[in-house]
Amino acid sequence: MILLDTHIWLWWIDQNKKLKNWQRNLIEINQDIGLGVSIFSCWEVAKLVEHGRITFGCGIDEWMENALAYDGIQLIDLTPQIVIDSTCLPGNFHKDPADQIIVATARCYDIPLLTSDEKILAYQYVKLCKENSVSA
């Protein structure tokens with residue numbers, strides 16, 4: 001299983017050209033194994049819609065239902081351990097709570113995270129999916 005960062009999940013569902021070919025291929029390779037999506041990513045998407053930063057051709061309820069029904073998607077709940085770990089990540093991680101939760105989720109489940117976020121890519125204390133990587 002791999003964990004999809006919120007923007008990667010959005011780009012994949014939306015077939016956005018920002019999603020690199022190697023990322024798309026990695027997602028397809030891992031569909032049978034599992035594509036983790038944090039419940040916190042659902043909150044992030046809903047907040048983006050609330051603030052008008054993204055729009056869909058349907059309501060957020062319908063979009064979310066469809067996006068979570070894609071082959072391979074496994075919704076990962078927020079646990080007390082993830083919440084606690086997000087507040088005490090090793091090293092010097094930035095203060096974005098959504099990124100902290102997603103990184104803590106990858107760490108707690110010991111799965112690689114697929115992201116394009118430069119701050120997360122520079123963080124050495126989380127497993128990352130990289131170009132030419134295969135399934136977890």
Side-chain angles (χ1 to χ4, degrees):
M1 176 187 293
I2 61 174
L3 180 63
L4 306 181
D5 200 350
T6 305
H7 63 277
I8 297 289
W9 181 43
L10 279 167
W11 294 348
W12 179 54
I13 298 297
D14 193 33
Q15 298 180 0
N16 191 305
K17 292 182 181 183
K18 291 180 184 177
L19 189 66
K20 297 175 180 152
N21 285 334
W22 74 266
Q23 292 169 324
R24 187 176 319 283
N25 291 339
L26 190 61
I27 290 169
E28 290 171 4
I29 288 168
N30 280 276
Q31 276 185 285
D32 289 340
I33 300 166
L35 303 169
V37 171
S38 169
I39 190 71
F40 212 74
S41 289
C42 297
W43 177 85
E44 266 193 293
V45 171
K47 293 303 277 183
L48 290 169
V49 169
E50 175 190 16
H51 294 290
R53 294 192 51 210
I54 59 173
T55 57
F56 302 118
C58 59
I60 183 63
D61 292 346
E62 183 180 343
W63 184 91
M64 193 73 64
E65 182 179 337
N66 292 334
L68 291 172
Y70 269 61
D71 285 342
I73 293 292
Q74 295 180 22
L75 189 59
I76 299 177
D77 287 330
L78 195 57
T79 66
Q81 189 61 49
I82 291 169
V83 170
I84 292 166
D85 285 357
S86 75
T87 67
C88 54
L89 293 169
N92 188 20
F93 193 70
H94 65 280
K95 302 298 180 202
D96 181 317
D99 285 351
Q100 291 172 337
I101 291 285
I102 289 173
V103 165
T105 301
R107 289 172 46 86
C108 285
Y109 281 87
D110 195 29
I111 54 176
L113 173 61
L114 182 57
T115 187
S116 289
D117 184 311
E118 292 297 328
K119 291 178 182 175
I120 295 174
L121 291 171
Y123 186 63
Q124 65 180 338
Y125 300 102
V126 65
K127 287 183 187 178
L128 297 169
C129 297
K130 299 186 181 198
E131 194 167 1
N132 299 321
S133 59
V134 293
S135 62

Check step by step if side-chain contact (heavy atoms from CB on, under 4.5 Å) holds for Ile27 and Leu19.
CA-CA 10 Å; Ile27 290 169; Leu19 189 66; 4.2 Å; yes

Using side-chain heavy atoms (C-beta onward) and a distance below 4.5 Å, is [X] in contact with [Y]?
X     : Y      : answer
Phe40 : Ile76  : no
Trp11 : Asp5   : no
Val45 : Trp9   : yes
Leu89 : Tyr123 : yes
Trp63 : Leu10  : yes
Trp12 : Ile73  : yes
Asp85 : Arg107 : no

Could you see if [X] belongs to whatever hydrophobic cluster contains [Y]? Use Ile, Leu, Val, Met, Phe, Trp, Tyr and a side-chain cutoff under 4.5 Å.
X      : Y      : result
Ile120 : Tyr125 : yes
Val49  : Trp43  : yes
Tyr109 : Ile84  : no
Leu68  : Tyr70  : yes

Under the 3.5 angstrom rule, does the side chain of [X] hit a backbone N or O of [Y] as a donor-acceptor pair?
X     : Y     : answer
Asp96 : Ala98 : yes
Asp14 : Asn16 : no
Glu62 : Gly59 : no

Distance, nearest 0.5 Å, that separates [atom1] of [X] from [atom2] of [Y]:
X      : Y      : atom1 : atom2 : result
Ser116 : Ile8   : OG    : CD1   : 4.0 Å
Thr105 : Leu113 : OG1   : CG    : 9.0 Å
Ser86  : Ile102 : OG    : CD1   : 11.0 Å
Ser41  : Leu3   : OG    : CG    : 7.0 Å
Leu75  : Ser38  : CG    : OG    : 7.5 Å
Gln74  : Ile2   : CD    : CD1   : 11.0 Å

Would you name the heavy atoms of [X] and [Y] that are closest together and state the gap between them?
X      : Y      : result
Gln100 : Lys95  : NE2-CA, 3.6 Å
Val126 : Ala106 : CG2-CB, 3.8 Å
Asp117 : Thr115 : N-OG1, 3.0 Å

Only counting residues at least two apart or in another chain, list the ones meeting salt bridge (Lys or Arg N to Asp or Glu O under 4.0 Å) with Lys127.
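Here the qualifying residues are Asp110.
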
Which residues share a salt bridge (Lys or Arg N to Asp or Glu O under 4.0 Å) with Glu50, sequence neighbours left out:
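Residues passing salt bridge (Lys or Arg N to Asp or Glu O under 4.0 Å) with Glu50: Lys47.
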
Step through the shown structure and confirm whether more than 12 heavy atoms of other residues, nucleotides or ligands are within 6.0 Å of CD on Glu65.
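Result for CD/Glu65: open.
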
